[in-house]
Protein chains: 2
Amino acid sequence: EREIVSGITYDRDQAKITVTHVPDKPGIAAMLFTPLSQHNIIVDMIIQNASLEGFTDVTFTVSKKDLKDAQKIIQETAKTIDAKNVEVDDQVSKVSIIGVGMASHAGVAAKMFSALSAEGINIMMISTSEIKISCVIQRKYTELAVMVLHDTFGLEKKSS
Amino acid sequence: EREIVSGITYDRDQAKITVTHVPDKPGIAAMLFTPLSQHNIIVDMIIQNASLEGFTDVTFTVSKKDLKDAQKIIQETAKTIDAKNVEVDDQVSKVSIIGVGMASHAGVAAKMFSALSAEGINIMMISTSEIKISCVIQRKYTELAVMVLHDTFGLEKKSS
Ligand SMILES: C[C@@H](O)[C@H](N)C(=O)O
Ligand SMILES: C[C@@H](O)[C@H](N)C(=O)O
């Protein structure tokens, strides 16, 4: 059955900000991201999982150079919406598998997760689309993760 | 500045499963998704946000026809890994904005979130990439959401 994974990409220039325990009601996401866009902060990933009991966490990633500014802006908003906290981690990387039709291949995601876990690499965040499966991991594991994924998917390692 | 949003897509055939309070340690994601792939369950989105205190939730979506099977399989695994619960919602839709270079335009995400909230549509889950911003909402709001997003981004509504 034909190979659908075409490459591995990674981004070491990532910092993540999580706004915890925000009210899960209309308008909150807009309130979080509008000030960031007004300050021209480039936001890479946005992840929000389903809420339990009316509250959820919203995470987004920015480049390290924007972390200070983004954090300042977000802390304002977090206060306004009465979020519990703003958690920051500037020691993360995003590692992604690029391909096609991957949504119909749950096996690709499972294979990626297994490969990382076999090396003891914890997967901190997951976000997927049909063409990209992204995992956020601790930055110190980036090189190891990229190597392991290239091996697992039988890809030639080229510098990216 | 040039238009970067090229279209709106939606998928009404979505059901979401959330495994709550799973240990945030290597191997858990692999344990969740390997059995699904072995049963040829097509998984569309996978969302996992950053953990607090060593536990996190993992959500994925499947087509409605696969919900029963997926739920059965996942409930097994959830027991094995000592997750708190398996929460299912078969009344959801995924609505997405497709474009290019959107990661550098936090404004696009903010605009999408504002447009939905202005109609009182709650955003249950968010997952983004540079070319796609996806929101999971209650299915009953699908038509309204698609219409509102077409207006907001000045797109011609074609049937999709
Ligand atoms: C949490 C946030 O996404 C909220 N549900 C909203 O619709 O804005
Ligand atoms: C929760 C799950 O993703 C876990 N962190 C893992 O690495 O498998």
Side-chain angles (χ1 to χ4, degrees), chain A residues 16 18 20 24-30 32-38 40-52 56-60 87 89 103-111 113-136, chain B residues 16 18 20 24-30 32-38 40-52 56-60 87 89 103-111 113-136:
Chain A
K16 75 116 188 138
T18 300
T20 62
D24 184 20
K25 58 179 188 180
I28 295 295
L32 287 170
F33 290 95
T34 301
L36 290 173
S37 80
Q38 285 166 344
N40 294 314
I41 302 281
I42 294 177
V43 169
D44 185 41
M45 302 168 85
I46 300 172
I47 291 182
Q48 174 193 313
N49 208 338
S51 70
L52 297 162
T56 187
D57 303 332
V58 181
T59 295
F60 62 96
E87 320 234 337
D89 188 342
S104 45
H105 291 75
V108 177
K111 201 168 169 182
F113 304 154
S114 297
L116 294 175
S117 67
E119 301 296 329
I121 299 170
N122 193 48
I123 299 163
M124 301 163 71
M125 287 155 53
I126 301 169
S127 176
T128 68
S129 72
E130 305 84 354
I131 62 169
K132 193 173 188 180
I133 301 172
S134 292
C135 289
V136 172
Chain B
K16 75 116 187 137
T18 300
T20 62
D24 185 20
K25 58 179 188 180
I28 296 295
L32 287 170
F33 290 94
T34 300
L36 290 173
S37 79
Q38 285 166 344
N40 293 312
I41 302 281
I42 293 177
V43 170
D44 184 42
M45 301 168 86
I46 299 173
I47 291 181
Q48 175 193 313
N49 208 338
S51 69
L52 296 162
T56 187
D57 302 333
V58 181
T59 296
F60 61 96
E87 321 234 336
D89 188 342
S104 46
H105 291 75
V108 177
K111 201 169 169 180
F113 304 154
S114 298
L116 295 174
S117 68
E119 300 296 329
I121 299 170
N122 193 48
I123 299 164
M124 301 163 72
M125 288 155 52
I126 301 169
S127 176
T128 68
S129 71
E130 304 85 353
I131 62 168
K132 193 173 188 180
I133 302 172
S134 292
C135 290
V136 172

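Throughout, a chain's letter reflects where its sequence line sits, starting with A, and its residues are numbered from 1.
- Proximity of a side-chain donor or acceptor of A/Q48 to a complementary backbone N or O of B/M124 within less than 3.5 Å is detected.
- Proximity to chain B is limited to the side chain of A/T20, based on heavy atoms less than 4.5 angstrom apart.
- Contact of A/E87 with chain B is made through the side chain alone, with heavy-atom distances under 4.5 Å.
- Atom CE in A/M45 sits 7.0 Å away from atom OG in B/S127 (nearest 0.5 Å).
- Listed options B/I28, B/I42, B/I46 were ranked by heavy-atom pairs under 4.5 angstrom with chain A; first place goes to B/I46.
- Note on B/I123, B/L36, B/T128: by heavy-atom pairs under 4.5 Å with chain A, the leading option is B/T128.
- The contact between B/L52 and chain A is made entirely by side chain atoms (from C-beta outward), counting heavy-atom distances below 4.5 Å.
- Neither the backbone nor the side chain of A/L32 comes within less than 4.5 Å of any heavy atom in chain B.
- For B/I47, the parts lying near chain A are the backbone and the side chain together; criterion is any non-hydrogen pair under 4.5 Å.
- Considering only heavy-atom pairs separated by less than 4.5 Å from chain B, the leading option among A/E119, A/K132, A/Q38 is A/K132.
- We find the CD1-CD1 distance between B/I131 and A/I131 to be 3.0 Å, quoted to the nearest 0.5 Å.
- Contacts of B/A50 with chain A are made by both backbone and side-chain atoms, with heavy-atom separations under 4.5 Å.
- Comparing A/S134, A/S114, A/A29, A/G107 by how many heavy-atom pairs each has under 4.5 Å with chain B, the most go to A/A29.
- For the options B/T18, B/D24, B/I41, heavy-atom pairs under 4.5 Å to chain A are most numerous at B/D24.
- Here the shortest heavy-atom pairing between B/S117 and A/G27 reads CB-N, 3.1 Å.
- Residue B/V58 touches chain A through its backbone alone, counting heavy-atom pairs closer than 4.5 Å.
- Taking chain A as the reference chain and counting heavy-atom pairs below 4.5 Å, the highest number among B/A118, B/G120, B/S51 is found for B/G120.
- Each of A/T59, A/D57, A/N49 was compared with B/N49 under the side chain to side chain donor-acceptor pair (under 3.5 Å) criterion, and only A/T59 meets it.
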